[in-house]
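All values derive from a computational prediction rather than experimental measurement. The sequence lines fix the lettering, A, B, ..., with proteins before strands; numbering per chain opens at 1.
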Amino acid sequence: MSLSNRDIADVFQAIADSMEILGEDRFRILAYRRASEAIADLPMPLADYRARNALEEIPGIGKTIADKIGVLLDSGSLPLYERLNAQAPPGVRDMLQAPNLGPRNVKRLYTELGIASLDDLRAAIAEGKLRGLKGFGAKSEERIRQGLDLLAQREKRIVMPHALSIVETLMEGLRAAAPGLEQLSYTGSLRRARPTVGDLDLLAAATDTGAVIRAFTGLPQVARIVSAGEAKATVILHSGMQADLMVLPPARWGSALQHFTGSKEHNIRFRELALARGLSFSEQGFKRQDGTLIECAAEAEVYATLDLPWIPPELREDKSEFDAARSKSLPRLVTLADLQADLHMHSTWSDGRASIAEMAAAAQANGLCYIAITDHSAYLGVTGGVTPERLERQAAEVAQVNADFAARGFDFRVLHGVEVDITPDGDLALPDEALAKLDLVIASLHVSLRQPREQVTARLLRAIANPHVDIIAHPTGRILGRRDGADLDMEAVIQAAIAHGVLLEINSGPDRLDLDAMHVRRALELGATIVINSDAHHPDNLTWLRYGVLTARRGWASADQIANSWPAEDLLTKVRQKSQ
DNA sequence: GCCGTTTTCGGCCCGACTGTTTTCAGTCG
């Protein structure tokens, strides 16, 4: 069993952690961290890169680390890793996770007191052993104890859609409670639309900063105030999430927003570019060599100072966005307003909660021009799925709904589709004759996701090759925080989808967001076409499209690459080409 | 250890906060 990208990324992260504790060269440590993050975000297995002799083309990976990847792939272990494990073992590295405790002190606790795990640390604090150490007082010990408490109760990461809903309610409350607020935004990984986030970061601009802080800590959502000063506060919400608010003068809004949005990697690269021009950048603004400051009240001014166009937050991961910005080739990212259709919706014909007419009306109210009703095929546990016979009857209802729209003078259209299961053998759960009569066929994996890579990939490839299949829904089947997706050869899936004119879906369900952004980007690079669907089972679910759009944007998608931003006739032309 | 619109050698982001300090080291975002 060869190591996954995740496994290898974890090895390099562990190497960096151990080196940090041992006090090795910080730039060497940074190199291992950068390599680890680059690997974690790759769209293809490392073995594929090596096979194409392309490991060193990955930014952040040079000859040394490429060789180490080779050793890991071949042998499953690495001498450097084993050696570091002996000097700073996993239990010691775990202590780095504790807030307020960093590498220097972890090393001292380990070497001077023999503390080698978080449990050891808790015990040592209970016995008051830490304050005996030179440079440690009772306050240091207490801070570390508090850090351990925080670590224990720290909620695990929540999905981005959930975080957005919490943060927007919070912002609404703050706007009402804090007059004099000139600017307010969420920042951090949430603004970059990462699929999961660990805490909530808010940034505000106001002249009276203290008044905004007091309004914030007084919000009804706040369960506990961790700290609150004149410009910064940290609270724990009743939901268990930590929320940080920073308030600053309006003149520095732009530089602060850029700084707190990150990512850290993007910021480091940005500051390197600034240095090359003799400017030092921080959240305060640009500092010239003579010490004078250039303030930026708007974020676009920050980038403009380095002659760069504004870079959308979703792209700020130091994944070639600066090259694209410099060469004026940043994509014009798709927006929610670009979408004309939702091509994956359920009704009471299967497990949906509303009729076809209700779903259509909701879509129209949301500004869409056409939809596809795609109920589940009758298969396994799905209640009331469609059979060939029921599809015939459903077609009549779809025709009636369309006739009603036309009679009322609306230019709105319902396409008749299906979401057909791919069986464990790779068959489709409905016969070709039934599929041939439909406007649109979605095929998806719901069962046997744990099959070996070759087998589950082959299933999907067979479905893609079926002339009636138009869309592959939620390709990996992942559920965020609950289960990983199928172990697919995504490169093969993308290539097949392109060859057969099949669209790949970004499923907007809050805990799916599948395809994920890195696969979207890879698919688009190779020339695939994407669709963003809600998979709505209720009219309210149509708002989910927003999350799919954010995921597409993280994948560098422009509107022309998203099939449901096209007019209905263009989409149907593409789909019919496929069936011939 | 990586990397190049000054560089194949010599760089590599920045400031705020905290504690235990008489000038700084560690941690964080």
- Considering only the P atoms, how many Å lie between B/dT20 and B/dT27, rounded to the nearest integer? 13 Å
- Task: With heavy atoms under 4.0 Å as the rule, sort A/R143 into base, sugar-phosphate or nothing.
- Result: sugar-phosphate
- OP1 or OP2 of B/dG26 under 4.0 Å from side-chain N/O of A/N100: no
- Could you check how far CD of A/E272 sits from P of B/dG4, rounded to whole Å? 10 Å
- Item | Protein-nucleotide distance (A/E141, atom CD; B/dT20, atom C1'), rounded to Å | 15 Å
- Message: Counting only side-chain heavy atoms from C-beta out, which of B/dC13, B/dG15, B/dC2 sits nearest to A/I65?
- Response: B/dC2
- Over how many whole Å does the gap from A/Q289 atom CD to B/dC14 atom P extend? 11 Å
- Task: For B/dC12 versus B/dC17, give the span between their C1' atoms, rounded off to a whole number of Å.
- Result: 25 Å
- Query: Counting side-chain heavy atoms from C-beta on, which of B/dG19, B/dT27, B/dG1 comes nearest to A/R104?
  - Reply: B/dT27
- Query: Taking atom P in both B/dT5 and B/dG1, what distance in whole Å separates the two?
  - Reply: 23 Å
- Which is true for A/L275 with a 4.0 Å heavy-atom rule: it touches a base, it touches only sugar-phosphate, or it touches nothing? sugar-phosphate
- Here the distance between atom P of B/dC12 and atom CD of A/E265, to the nearest Å, is 18 Å
- Hey, does A/L315 have a side-chain heavy atom less than 4.5 Å from the side chain of A/R192? no
- Do the side-chain N or O atoms of A/K232 get closer than 4.0 angstrom to the phosphate oxygens (OP1, OP2) of B/dG29? no
- Message: Under 4.0 Å, counting only non-hydrogen atoms across every strand here, what does A/K287 touch: a base, just sugar-phosphate, or nothing?
- Response: sugar-phosphate
- Task: Flag the pair A/R316 and A/E299 as a salt bridge only when some basic side-chain nitrogen lies within less than 4.0 angstrom of an acidic carboxylate oxygen.
- Result: yes
- Item | B/dT8 - base-pair partner by Watson-Crick or wobble geometry, distances under 3.5 Å | none
- Item | Note: A/R252-A/E301 ion pair, threshold 4.0 Å (strictly below) | no
- Query: Starting at the 5' end of DNA chain B, which residue's closest nucleotide do you reach first, A/N267 or A/A138?
  - Reply: A/N267
- What nucleic acid atoms does A/A276 come within less than 4.0 Å of, heavy atoms only: base, sugar-phosphate, or nothing? base
- With no hydrogens and no angle check, is any side-chain donor or acceptor of A/H259 less than 3.5 Å from a backbone partner on A/S282? no
- Task: Would you kindly give the CG-to-P distance between A/L148 and B/dT27, to the nearest whole Å?
- Result: 14 Å
- Task: Mind checking A/D201 for me? I need base, sugar-phosphate or nothing, with any heavy atom below 4.0 Å counting as a touch.
- Result: nothing
- A/R145 CZ to B/dG19 C1', in whole Å, measures 17 Å
- Query: Under 4.0 Å: is that the gap between some side-chain N or O of A/S280 and OP1 or OP2 of B/dC14?
  - Reply: yes
- Task: Rounded off to whole Å, could you give me the NE2-to-C1' distance for the A/H259 and B/dG15 pair?
- Result: 8 Å
- Task: Select base, sugar-phosphate, or nothing to describe what A/L101 touches, counting heavy atoms under 4.0 Å on all strands.
- Result: sugar-phosphate
- Message: Closest approach to the side chain of A/P103, judged atom by atom: which nucleotide of B/dG19, B/dG1, B/dT27 is it?
- Response: B/dT27
- Task: Would you classify A/A98 as touching base, sugar-phosphate or nothing, given that sugar-phosphate means primed atoms plus P, OP1 and OP2, and contacts are heavy atoms under 4.0 Å?
- Result: sugar-phosphate
- CD of A/E57 versus C1' of B/dC2: gap in Å, rounded? 16 Å
- Query: When you compare B/dT23 with B/dC28, how far apart are their P atoms, in angstrom units rounded to a whole number?
  - Reply: 25 Å
- Message: Check the orientation of A/F286 and A/F281. Use parallel for under 30°, tilted for 30 to 60°, and perpendicular for over 60°.
- Response: tilted
- Task: Under 4.0 Å between any heavy atoms, over every strand shown, what does A/G262 touch: base, sugar-phosphate, or nothing? Just pick one.
- Result: nothing
- Note on the structure: 5'-most contact on DNA chain B (nearest-nucleotide basis), A/V106 vs A/I58, goes to A/I58
- Note on the structure: Of B/dC13, B/dG1, B/dG15, the nucleotide closest to the side chain of A/D25 is B/dG1
- Geometric class of the A/F12/A/Y32 ring pair [parallel <30°, tilted 30-60°, perpendicular >60°]: tilted
- Task: Please work out if A/Y32 contacts a base, only the sugar-phosphate, or nothing of the nucleic acid, heavy-atom cut-off 4.0 Å.
- Result: sugar-phosphate
- On a whole-Å scale, what distance lies between the P atoms belonging to B/dG26 and B/dT21? 13 Å
- Message: Can you tell whether the side chains of A/K232 and A/E283 come within less than 4.0 Å, N to carboxylate O?
- Response: no
- Is the phosphate of B/dT18, meaning OP1 or OP2, less than 4.0 Å from a side-chain N or O of A/S140? no
- Task: Would you name the heavy atoms of A/P161 and A/L513 that are closest together and state the gap between them?
- Result: CD-CD1, 4.3 Å
- Return no unless some side-chain N or O of A/R271 is found under 4.0 Å from OP1 or OP2 of B/dC13. no
- Message: Can you check the distance between B/dG29 and B/dC13, where both ends of the measurement are the C1' atom (answer in whole Å)?
- Response: 12 Å
- Message: Quick check for you: among B/dT20, B/dG29, B/dG1, whose closest atom lies nearest to any side-chain atom of A/A31?
- Response: B/dG1
